[in-house]
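In what follows, a single structure is set out as C-alpha coordinates and then discussed.
Both ligands and their constituent atoms are indexed starting at 1 by order of listing. Residue numbers run from 1 in the order of the sequence given. Predicted model only: the values in this text are computed from it and were never measured.
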Amino acid sequence: MHNNRTTITQFIIEEQRQIQGATGDFTSLLNDIVTACKVISNLVNHGALVGVLGSAETDNVQGEVQKKLDVISNEVFIQSNEWAGHLAAMASEEMDEIYPIPQKYPRGKYLLLFDPLDGSSNIDVNVSVGTIFSILRCPEGVQNPTVEHFLQPGTQQVCAGYALYGPSSMMVLTTGRGVNGFTLDQNIGEFILSHPNLKISADTQEFAINMSNMRFWEPPIRRYMDECLEGNTGPRGKDFNMRWIASMVAEVHRILARGGVFMYPIDNKNKDKGGRLRLLYEANPMSFIIEQAGGMSTTGRERIMEIVPKSLHQRVPVILGSKNEVERMISYHLAEQ
Ligand code: AHG
Ligand code: MN
Ligand code: MN
(Lines give C-alpha, C1' and ligand atoms only; values in the text may rest on other atoms or scores of the structure.)
(Ligands and ions follow the chains in the order given, each with its own letter.)
Protein backbone atom coordinates (compact mmCIF):
# COMPACT_ATOMS: atom_id res chain seq x y z
CA MET A 1 0.00 0.00 0.00
CA HIS A 2 1.51 3.29 -1.06
CA ASN A 3 -1.32 5.63 -0.17
CA ASN A 4 -2.85 4.66 3.13
CA ARG A 5 -2.26 8.07 4.64
CA THR A 6 -4.98 10.65 5.26
CA THR A 7 -4.42 14.00 3.58
CA ILE A 8 -5.86 17.15 5.14
CA THR A 9 -8.31 17.47 2.22
CA GLN A 10 -9.60 13.94 2.71
CA PHE A 11 -9.91 14.55 6.43
CA ILE A 12 -11.91 17.75 5.95
CA ILE A 13 -14.22 16.18 3.35
CA GLU A 14 -14.90 13.20 5.61
CA GLU A 15 -15.63 15.53 8.54
CA GLN A 16 -17.96 17.62 6.42
CA ARG A 17 -19.93 14.55 5.31
CA GLN A 18 -21.07 14.16 8.89
CA ILE A 19 -22.52 17.66 9.03
CA GLN A 20 -26.08 17.83 7.75
CA GLY A 21 -26.67 20.41 5.06
CA ALA A 22 -22.97 21.04 4.44
CA THR A 23 -22.45 22.30 0.91
CA GLY A 24 -18.74 21.79 0.33
CA ASP A 25 -18.16 25.52 0.62
CA PHE A 26 -16.31 25.17 3.88
CA THR A 27 -14.10 22.34 2.58
CA SER A 28 -13.14 24.46 -0.35
CA LEU A 29 -12.38 27.49 1.85
CA LEU A 30 -10.12 25.39 4.05
CA ASN A 31 -8.32 24.11 0.97
CA ASP A 32 -7.51 27.68 -0.04
CA ILE A 33 -6.24 28.46 3.45
CA VAL A 34 -4.06 25.34 3.33
CA THR A 35 -2.66 26.45 -0.03
CA ALA A 36 -1.81 29.89 1.38
CA CYS A 37 0.02 28.27 4.30
CA LYS A 38 1.98 26.04 1.93
CA VAL A 39 3.09 29.10 -0.03
CA ILE A 40 4.15 30.90 3.17
CA SER A 41 5.91 27.74 4.39
CA ASN A 42 7.87 27.64 1.16
CA LEU A 43 8.89 31.29 1.49
CA VAL A 44 9.90 30.85 5.14
CA ASN A 45 11.91 27.73 4.27
CA HIS A 46 13.86 29.52 1.57
CA GLY A 47 14.37 32.64 3.68
CA ALA A 48 17.41 34.60 2.61
CA LEU A 49 17.61 32.68 -0.68
CA VAL A 50 14.45 34.35 -1.91
CA GLY A 51 15.16 37.72 -0.29
CA VAL A 52 12.26 37.74 2.16
CA LEU A 53 14.17 38.36 5.38
CA GLY A 54 14.58 41.57 7.32
CA SER A 55 15.19 44.96 5.81
CA ALA A 56 18.60 44.42 4.18
CA GLU A 57 17.24 45.34 0.74
CA THR A 58 14.89 48.05 1.86
CA ASP A 59 14.95 50.22 -1.29
CA ASN A 60 15.31 49.02 -4.85
CA VAL A 61 16.61 51.14 -7.70
CA GLN A 62 13.18 52.65 -8.38
CA GLY A 63 13.02 53.69 -4.76
CA GLU A 64 10.35 51.10 -3.93
CA VAL A 65 10.40 49.68 -0.45
CA GLN A 66 11.12 45.93 -0.33
CA LYS A 67 8.39 43.80 1.24
CA LYS A 68 8.97 42.10 4.54
CA LEU A 69 7.70 38.58 5.11
CA ASP A 70 4.69 39.56 7.18
CA VAL A 71 3.48 41.89 4.45
CA ILE A 72 4.09 39.22 1.80
CA SER A 73 2.28 36.60 3.89
CA ASN A 74 -0.66 38.95 4.20
CA GLU A 75 -0.81 39.30 0.42
CA VAL A 76 -0.54 35.54 -0.05
CA PHE A 77 -3.52 35.05 2.25
CA ILE A 78 -5.60 37.62 0.42
CA GLN A 79 -4.78 36.30 -3.03
CA SER A 80 -5.45 32.69 -2.08
CA ASN A 81 -8.77 33.43 -0.44
CA GLU A 82 -10.46 36.31 -2.24
CA TRP A 83 -11.46 34.69 -5.53
CA ALA A 84 -13.38 31.49 -4.78
CA GLY A 85 -16.69 32.87 -3.52
CA HIS A 86 -16.62 31.48 0.03
CA LEU A 87 -15.87 34.72 1.85
CA ALA A 88 -17.69 38.01 2.36
CA ALA A 89 -14.66 39.80 3.84
CA MET A 90 -11.35 39.30 5.61
CA ALA A 91 -9.57 40.98 8.50
CA SER A 92 -5.89 40.76 9.32
CA GLU A 93 -3.48 41.89 11.97
CA GLU A 94 -1.53 43.54 9.18
CA MET A 95 -4.38 45.66 7.78
CA ASP A 96 -5.90 48.69 9.49
CA GLU A 97 -9.31 48.14 7.88
CA ILE A 98 -11.29 45.05 6.93
CA TYR A 99 -10.82 43.72 3.40
CA PRO A 100 -14.15 43.34 1.58
CA ILE A 101 -14.13 40.81 -1.26
CA PRO A 102 -13.68 42.82 -4.48
CA GLN A 103 -16.83 43.25 -6.59
CA LYS A 104 -15.37 41.22 -9.48
CA TYR A 105 -15.59 38.05 -7.34
CA PRO A 106 -18.67 36.35 -5.89
CA ARG A 107 -19.24 36.83 -2.18
CA GLY A 108 -19.76 33.95 0.23
CA LYS A 109 -21.05 33.32 3.72
CA TYR A 110 -17.87 33.26 5.79
CA LEU A 111 -15.53 35.83 7.34
CA LEU A 112 -11.82 35.03 7.57
CA LEU A 113 -9.55 36.54 10.22
CA PHE A 114 -5.81 35.96 10.37
CA ASP A 115 -2.38 36.77 11.72
CA PRO A 116 -0.37 36.01 8.58
CA LEU A 117 2.98 35.73 10.32
CA ASP A 118 3.02 35.24 14.06
CA GLY A 119 6.28 35.57 15.95
CA SER A 120 7.85 37.61 13.17
CA SER A 121 10.57 38.90 15.51
CA ASN A 122 11.97 35.36 15.13
CA ILE A 123 12.12 35.27 11.36
CA ASP A 124 15.59 36.79 10.96
CA VAL A 125 17.11 34.38 13.48
CA ASN A 126 15.61 31.28 11.85
CA VAL A 127 13.37 30.37 14.78
CA SER A 128 9.82 29.00 14.36
CA VAL A 129 7.06 31.30 13.17
CA GLY A 130 3.48 30.55 12.15
CA THR A 131 0.14 31.67 10.75
CA ILE A 132 -3.06 31.80 12.82
CA PHE A 133 -6.58 31.92 11.39
CA SER A 134 -10.19 31.97 12.50
CA ILE A 135 -13.42 31.51 10.52
CA LEU A 136 -16.72 33.15 11.45
CA ARG A 137 -20.08 33.08 9.72
CA CYS A 138 -21.11 36.31 8.06
CA PRO A 139 -24.45 37.23 9.67
CA GLU A 140 -27.48 36.13 7.64
CA GLY A 141 -28.51 38.55 4.91
CA VAL A 142 -25.39 40.72 5.17
CA GLN A 143 -23.93 41.31 1.71
CA ASN A 144 -21.49 44.08 2.60
CA PRO A 145 -20.02 43.27 5.98
CA THR A 146 -18.51 46.03 8.10
CA VAL A 147 -16.31 45.88 11.19
CA GLU A 148 -19.27 45.26 13.50
CA HIS A 149 -19.96 41.90 11.80
CA PHE A 150 -16.49 40.71 12.78
CA LEU A 151 -17.05 41.58 16.43
CA GLN A 152 -18.38 38.15 17.42
CA PRO A 153 -17.27 36.31 20.55
CA GLY A 154 -14.86 33.39 20.05
CA THR A 155 -17.61 30.91 20.87
CA GLN A 156 -19.04 31.71 17.42
CA GLN A 157 -15.97 30.44 15.55
CA VAL A 158 -16.72 27.79 12.95
CA CYS A 159 -13.09 26.79 12.66
CA ALA A 160 -9.70 27.87 13.96
CA GLY A 161 -6.21 26.73 13.14
CA TYR A 162 -2.59 27.52 12.80
CA ALA A 163 0.31 26.59 10.58
CA LEU A 164 3.67 26.19 12.30
CA TYR A 165 6.78 26.71 10.21
CA GLY A 166 9.32 24.84 12.31
CA PRO A 167 11.68 21.90 11.67
CA SER A 168 8.58 20.46 9.98
CA SER A 169 5.70 22.53 8.73
CA MET A 170 2.47 21.58 10.43
CA MET A 171 -1.18 22.52 10.34
CA VAL A 172 -3.35 22.15 13.44
CA LEU A 173 -7.11 22.55 13.14
CA THR A 174 -10.37 22.46 15.02
CA THR A 175 -13.94 22.70 13.80
CA GLY A 176 -15.28 22.09 17.30
CA ARG A 177 -14.86 18.31 17.14
CA GLY A 178 -11.44 17.95 18.73
CA VAL A 179 -8.04 19.00 17.46
CA ASN A 180 -6.02 17.31 14.73
CA GLY A 181 -2.48 17.93 13.51
CA PHE A 182 -1.07 17.44 10.01
CA THR A 183 2.55 17.42 8.87
CA LEU A 184 3.59 18.76 5.49
CA ASP A 185 5.17 16.11 3.27
CA GLN A 186 7.40 18.40 1.20
CA ASN A 187 7.87 15.77 -1.50
CA ILE A 188 4.21 15.54 -2.45
CA GLY A 189 3.13 18.96 -1.17
CA GLU A 190 0.36 17.61 1.06
CA PHE A 191 -0.40 17.92 4.77
CA ILE A 192 -0.79 14.39 6.16
CA LEU A 193 -2.68 13.53 9.35
CA SER A 194 0.10 12.85 11.87
CA HIS A 195 -1.32 13.94 15.24
CA PRO A 196 -4.94 12.79 15.52
CA ASN A 197 -7.09 13.92 18.46
CA LEU A 198 -4.57 16.03 20.36
CA LYS A 199 -5.17 16.35 24.12
CA ILE A 200 -3.48 18.56 26.70
CA SER A 201 -2.47 17.02 30.01
CA ALA A 202 -4.30 18.61 32.96
CA ASP A 203 -1.09 19.02 34.96
CA THR A 204 2.27 20.43 34.00
CA GLN A 205 5.60 21.60 35.38
CA GLU A 206 6.40 23.97 32.53
CA PHE A 207 5.47 27.63 32.01
CA ALA A 208 6.03 30.20 29.27
CA ILE A 209 6.08 33.89 30.11
CA ASN A 210 8.29 36.83 29.18
CA MET A 211 10.12 37.17 32.51
CA SER A 212 11.60 40.51 31.53
CA ASN A 213 8.18 42.03 32.27
CA MET A 214 8.20 40.76 35.87
CA ARG A 215 8.30 44.18 37.50
CA PHE A 216 5.16 45.21 35.59
CA TRP A 217 3.01 42.19 36.55
CA GLU A 218 -0.13 42.31 38.65
CA PRO A 219 -0.18 40.53 42.05
CA PRO A 220 -1.96 37.29 40.91
CA ILE A 221 0.65 36.59 38.21
CA ARG A 222 3.46 37.53 40.55
CA ARG A 223 2.10 35.14 43.17
CA TYR A 224 1.72 32.29 40.70
CA MET A 225 5.20 32.78 39.28
CA ASP A 226 6.85 33.23 42.69
CA GLU A 227 5.36 29.92 43.80
CA CYS A 228 6.54 28.14 40.64
CA LEU A 229 10.04 29.55 41.05
CA GLU A 230 10.25 28.40 44.65
CA GLY A 231 10.17 24.89 43.21
CA ASN A 232 10.15 21.79 45.36
CA THR A 233 10.92 23.72 48.54
CA GLY A 234 7.93 26.09 48.01
CA PRO A 235 4.14 25.70 48.28
CA ARG A 236 3.92 23.83 44.96
CA GLY A 237 6.32 21.14 46.16
CA LYS A 238 7.77 20.59 42.69
CA ASP A 239 10.27 22.18 40.33
CA PHE A 240 9.12 24.00 37.19
CA ASN A 241 10.83 24.38 33.84
CA MET A 242 10.59 27.47 31.63
CA ARG A 243 10.35 28.11 27.88
CA TRP A 244 9.84 31.38 25.97
CA ILE A 245 10.00 31.21 22.18
CA ALA A 246 8.27 34.58 21.54
CA SER A 247 6.13 32.86 18.93
CA MET A 248 2.66 32.10 20.21
CA VAL A 249 2.15 29.42 17.56
CA ALA A 250 5.24 27.52 18.67
CA GLU A 251 4.29 28.01 22.31
CA VAL A 252 0.74 26.65 21.83
CA HIS A 253 2.10 23.78 19.78
CA ARG A 254 4.47 22.77 22.57
CA ILE A 255 1.56 22.85 25.02
CA LEU A 256 -0.48 20.55 22.74
CA ALA A 257 2.49 18.20 22.51
CA ARG A 258 3.53 17.98 26.16
CA GLY A 259 1.36 20.25 28.31
CA GLY A 260 2.28 23.57 29.88
CA VAL A 261 0.95 27.06 30.42
CA PHE A 262 1.45 30.16 28.32
CA MET A 263 0.85 33.65 29.67
CA TYR A 264 0.88 37.09 28.20
CA PRO A 265 -0.87 38.85 31.06
CA ILE A 266 -1.97 42.42 31.38
CA ASP A 267 0.73 44.45 33.11
CA ASN A 268 1.62 48.06 33.84
CA LYS A 269 3.39 48.33 30.52
CA ASN A 270 0.61 47.13 28.23
CA LYS A 271 -2.38 48.18 30.38
CA ASP A 272 -3.37 51.11 28.14
CA LYS A 273 -3.69 48.76 25.18
CA GLY A 274 -5.58 46.10 27.15
CA GLY A 275 -2.79 43.52 26.86
CA ARG A 276 -0.28 42.38 24.25
CA LEU A 277 -2.00 39.77 22.11
CA ARG A 278 -4.88 40.44 19.77
CA LEU A 279 -8.28 38.97 20.58
CA LEU A 280 -9.55 38.24 17.07
CA TYR A 281 -6.38 36.99 15.35
CA GLU A 282 -4.48 35.32 18.18
CA ALA A 283 -6.34 34.84 21.46
CA ASN A 284 -9.67 33.55 20.11
CA PRO A 285 -8.41 30.99 17.58
CA MET A 286 -5.80 29.67 20.02
CA SER A 287 -8.38 29.50 22.81
CA PHE A 288 -10.72 27.46 20.60
CA ILE A 289 -7.90 24.99 19.87
CA ILE A 290 -6.77 24.82 23.50
CA GLU A 291 -10.31 24.24 24.81
CA GLN A 292 -11.02 21.61 22.17
CA ALA A 293 -7.89 19.77 23.32
CA GLY A 294 -9.12 19.77 26.93
CA GLY A 295 -7.17 22.81 28.13
CA MET A 296 -8.41 26.18 29.38
CA SER A 297 -8.03 29.77 28.27
CA THR A 298 -8.76 32.91 30.27
CA THR A 299 -7.76 36.51 30.82
CA GLY A 300 -7.54 35.59 34.50
CA ARG A 301 -10.93 37.19 35.04
CA GLU A 302 -13.05 35.80 32.21
CA ARG A 303 -13.11 33.07 29.58
CA ILE A 304 -11.49 34.56 26.47
CA MET A 305 -13.99 33.02 24.04
CA GLU A 306 -16.91 34.75 25.79
CA ILE A 307 -15.54 38.27 25.41
CA VAL A 308 -17.72 40.38 23.12
CA PRO A 309 -15.14 42.26 21.01
CA LYS A 310 -15.39 46.04 20.92
CA SER A 311 -12.90 46.69 18.15
CA LEU A 312 -11.14 44.83 15.37
CA HIS A 313 -7.61 45.07 16.76
CA GLN A 314 -8.59 44.74 20.42
CA ARG A 315 -5.93 43.27 22.71
CA VAL A 316 -6.47 40.99 25.70
CA PRO A 317 -4.51 39.33 28.49
CA VAL A 318 -3.97 35.63 27.72
CA ILE A 319 -3.46 32.73 30.11
CA LEU A 320 -3.90 29.29 28.53
CA GLY A 321 -2.88 25.64 28.65
CA SER A 322 -3.06 22.79 31.14
CA LYS A 323 -6.38 22.91 32.98
CA ASN A 324 -5.28 22.63 36.60
CA GLU A 325 -2.70 25.38 36.30
CA VAL A 326 -5.08 27.76 34.51
CA GLU A 327 -7.72 27.08 37.18
CA ARG A 328 -5.17 27.90 39.84
CA MET A 329 -4.43 31.23 38.16
CA ILE A 330 -8.14 32.04 37.94
CA SER A 331 -8.45 31.36 41.67
CA TYR A 332 -5.51 33.71 42.38
CA HIS A 333 -7.26 36.45 40.38
CA LEU A 334 -10.50 35.82 42.30
CA ALA A 335 -8.69 35.96 45.63
CA GLU A 336 -7.37 39.35 44.65
CA GLN A 337 -10.80 40.96 44.32
P1 AHG B 1 3.36 39.04 16.02
O2 AHG B 1 4.68 38.59 15.51
O3 AHG B 1 2.22 38.54 15.17
O4 AHG B 1 3.28 40.51 16.29
O5 AHG B 1 3.07 38.32 17.41
C6 AHG B 1 4.08 38.14 18.37
C7 AHG B 1 3.45 37.86 19.69
C8 AHG B 1 3.40 36.41 20.08
O9 AHG B 1 3.54 35.48 19.09
C10 AHG B 1 4.45 36.23 21.12
O11 AHG B 1 3.95 35.39 22.09
C12 AHG B 1 4.69 37.60 21.63
O13 AHG B 1 4.22 38.49 20.69
C14 AHG B 1 6.15 37.86 21.89
O15 AHG B 1 6.25 38.90 22.76
P16 AHG B 1 7.65 39.46 23.32
O17 AHG B 1 8.21 40.30 22.23
O18 AHG B 1 7.25 40.24 24.56
O19 AHG B 1 8.53 38.30 23.68
MN1 MN C 1 1.01 37.33 16.27
MN1 MN D 1 1.81 38.85 13.00
What I want to know is whether [X] and ligand 1 share at least one N or O pair that is separated by under 3.5 angstrom.
| X | answer |
| --- | --- |
| Glu251 | no |
| Arg278 | yes |
| Val249 | no |

Can [X] be said to touch ligand 1, with heavy atoms closer than 4.0 Å?
| X | answer |
| --- | --- |
| Asn122 | no |
| Gly119 | yes |
| Leu277 | yes |
| Trp244 | yes |

* Matching residue for Glu218 among Arg301, Arg223, Lys269 - test: salt bridge (charged side-chain N to carboxylate O under 4.0 Å, His left out) ->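 The salt bridge (charged side-chain N to carboxylate O under 4.0 Å, His left out) with Glu218 is passed solely by Arg301 among Arg301, Arg223, Lys269.
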* Taking Arg236 as the fixed residue, which of Glu227, Glu230, Glu325 is the one that meets the salt bridge (charged side-chain N to carboxylate O under 4.0 Å, His left out) rule? ->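 Exactly one candidate clears the test, Glu325.
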* Are any side-chain N or O atoms of Glu251 and backbone N or O atoms of Ile245, one a donor and one an acceptor, separated by less than 3.5 Å? ->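 Checked: pair present.
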* Please answer whether the main-chain N or O of Lys273 pairs with a side-chain N or O of Asn270 as donor and acceptor at a distance below 3.5 Å. =>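 No; judged by distance alone, with no hydrogens or angles, the pair does not exist.
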* Would you say the side chain of Leu111 lies within less than 4.5 Å of the side chain of Gln152, judging by non-hydrogen atoms? ->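 Gln152 reaches Leu111 side chain to side chain.
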* **4.5 Å side-chain heavy-atom contact, Met225 and Ile209** =>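 A side-chain contact exists here, since the closest heavy-atom pair is under 4.5 Å.
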* Over all heavy atoms of both residues, which pair between Ser311 and Leu280 is shortest? Give the atoms and the distance, please. =>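 Closest approach of Ser311 to Leu280: O-CD1, 4.1 Å.
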* Considering all heavy atoms of both residues, which atom of Gly181 and which atom of Leu198 are nearest to each other, and what is their separation? ->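 Shortest heavy-atom separation between Gly181 and Leu198 comes out as N-CD1, 4.0 Å.
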* **ligand 1 atoms in contact with Ser120 (distance to a heavy atom under 4.0 Å)** =>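 It comes down to these atoms of ligand 1: 2 (O).
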* Below 4.0 angstrom from a heavy atom of Asp115, which ligand 1 atoms are there? Numbered from 1 as shown, please. =>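 Counting from 1, the qualifying ligand atoms are 3 (O).
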Residue, atom name and distance, where the atom is the protein heavy atom closest to [atom]:
| atom | result |
| --- | --- |
| atom 5 (O) of ligand 1 | Asp118 OD1, 3.2 Å |
| atom 18 (O) of ligand 1 | Tyr264 OH, 2.5 Å |
| atom 16 (P) of ligand 1 | Asn210 ND2, 3.7 Å |
| atom 17 (O) of ligand 1 | Arg276 NH2, 3.8 Å |

* Asked: Does Phe262 approach ligand 1 within less than 4.0 angstrom via side chain, backbone, both or neither, non-hydrogen atoms only?
  ->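 Side chain only.
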* Indicate, as side chain, backbone, both or neither, the part of Ser247 found under 4.0 angstrom from ligand 1 when only non-hydrogen atoms are considered. =>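 Ser247 to ligand 1: backbone contact only, side chain stays beyond 4.0 Å.
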* To do: For Gln16 and Thr27, test the side chains for any donor-to-acceptor distance below 3.5 angstrom and give the result as yes or no.
  =>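 Result is yes, a qualifying pair exists.
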* **Donor-acceptor pair between Asn210 and Arg276 side chains, under 3.5 angstrom** =>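 Looking only at side-chain atoms, Arg276 and Asn210 do not form any donor-acceptor pair under 3.5 Å.
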* **Aromatic plane relationship, Tyr224 with Phe240 - under 30° parallel, 30 to 60° tilted, over 60° perpendicular** =>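 If you compare the ring of Phe240 with that of Tyr224, the planes turn out perpendicular.
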* Using a strict cut-off of less than 4.0 Å between a Lys/Arg side-chain nitrogen and an Asp/Glu carboxylate oxygen, indicate whether Asp203 and Lys323 qualify as a salt bridge. =>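 Lys323 and Asp203: not salt-bridged.
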* Asked: Are Tyr281 and His313 close enough, and set up right, to give a ring-ring contact (aromatic ring centres under 6.0 Å, His included), and what steps lead you there?
  -> CA-CA 8 Å; Tyr281 320 111; His313 300 294; 5.6 Å; yes
* **Protein N, O or S within less than 2.8 Å of the Mn ion (ligand 2), waters excluded** =>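 Only Asp115 OD2, Asp118 OD1, Glu282 OE2 fall inside 2.8 Å of the Mn ion (ligand 2).
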